[in-house]
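Some notes on the structure that comes next.
Only this structure's heavy atoms are used, side chains among them; waters, hydrogens and symmetry mates stay out.
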Amino acid sequence: MIVDREQQLVATFTNLNARGERSIPAIQITAEPLHLLPRSLAEEGTQLASACLFTGTEKSFDVGYWDDFTPLLVDCLVSDQAACTAARGRLKRLAWTALMMGVAELKGHHSIGLHRVSVPHEVTCHAF
């Protein structure tokens, strides 16, 4: 979701759990090339789909979590707007709820980087 149009900041939610039943909810704030979006999408609050690359160390994976993730915004990579709309449509409503809860917890402090958030397990584990 675009959280700051002027600074081109986007918030992406995920669960850093690599295996098992626990939840490790996190928000990644990234600076994105929002000029690649159609004007109708380039507004604060716009929800965007992303594919994510997860990274971790042997130690973190041994205990079942990823250390970090890198979101790749579908709308900035794919020019086919129908495909982008379809990608957004495949995301569960609960994923958007989790994102909104995590962003609200940041209370407007949208510093670039990984932010652990306290989205409830019941929401996080069923968001994807």
Please say yes or no: joined through hydrophobic side-chain contacts below 4.5 Å, possibly via intermediate residues, are [X] and [Y] part of one cluster?
X    : Y    : answer
F128 : V117 : yes
V10  : W96  : no
I2   : M100 : no
V63  : F69  : yes
M101 : L94  : yes

Practice item. In sequence, state the C-alpha distance, the side-chain angles, and the governing distance for Q47 and L91, and then conclude on side chain to side chain contact (heavy atoms under 4.5 Å, CB included). Key: CA-CA 10 Å; Q47 296 173 336; L91 294 168; over 6 Å; no
Quick check: closest heavy atoms across [X] and [Y], and the distance to 0.1 Å?
X    : Y    : result
H121 : S23  : ND1-OG, 2.6 Å
D67  : T57  : OD2-N, 3.0 Å
R88  : L48  : CD-CA, 3.9 Å
L16  : A26  : CD1-CB, 3.7 Å
E105 : R116 : OE2-O, 4.2 Å
A11  : L99  : O-CD1, 3.6 Å

Measuring only between side-chain heavy atoms, which start at C-beta, is [X] closer than 4.5 Å to [Y]?
X   : Y   : result
T14 : Q28 : no
P71 : T30 : yes
Y65 : N17 : no

Verify, without hydrogens or angle tests, whether [X] (side chain) and [Y] (backbone) share a donor-acceptor contact under 3.5 angstrom.
X    : Y    : answer
R19  : D62  : yes
T124 : N15  : no
K92  : A127 : no
H110 : L106 : no

Practice item. Output, in order, the C-alpha distance, side-chain angles, deciding distance and verdict of side chain to side chain contact (heavy atoms under 4.5 Å, CB included) for S50 and L73. Key: CA-CA 4 Å; S50 65; L73 293 181; 4.0 Å; yes
Exercise for review: Look at the rings of W66 and F61 and say which category their plane angle falls in: under 30° parallel, 30 to 60° tilted, over 60° perpendicular.
Suggested key: tilted
Point to revise | Test side-chain contact (heavy atoms from CB on, under 4.5 Å) applied to E44 and D4, V3, L9, the passing residue | key: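 Of D4, V3, L9, side-chain contact (heavy atoms from CB on, under 4.5 Å) with E44 is met by D4 alone.
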Roughly how far apart are [X] [atom1] and [Y] [atom2], rounded to 0.5 Å?
X    : Y    : atom1 : atom2 : value
L53  : T55  : CG    : OG1   : 8.5 Å
Q8   : E32  : CD    : CD    : 9.0 Å
L34  : C76  : CG    : SG    : 6.0 Å
Q7   : I112 : CD    : CD1   : 7.5 Å
L114 : T12  : CG    : OG1   : 11.0 Å

Review point. What's the verdict on side chain to side chain contact (heavy atoms under 4.5 Å, CB included) for F13 and V103, showing C-alpha distance, side-chain angles and the deciding distance?
Key: CA-CA 9 Å; F13 175 83; V103 167; over 6 Å; no
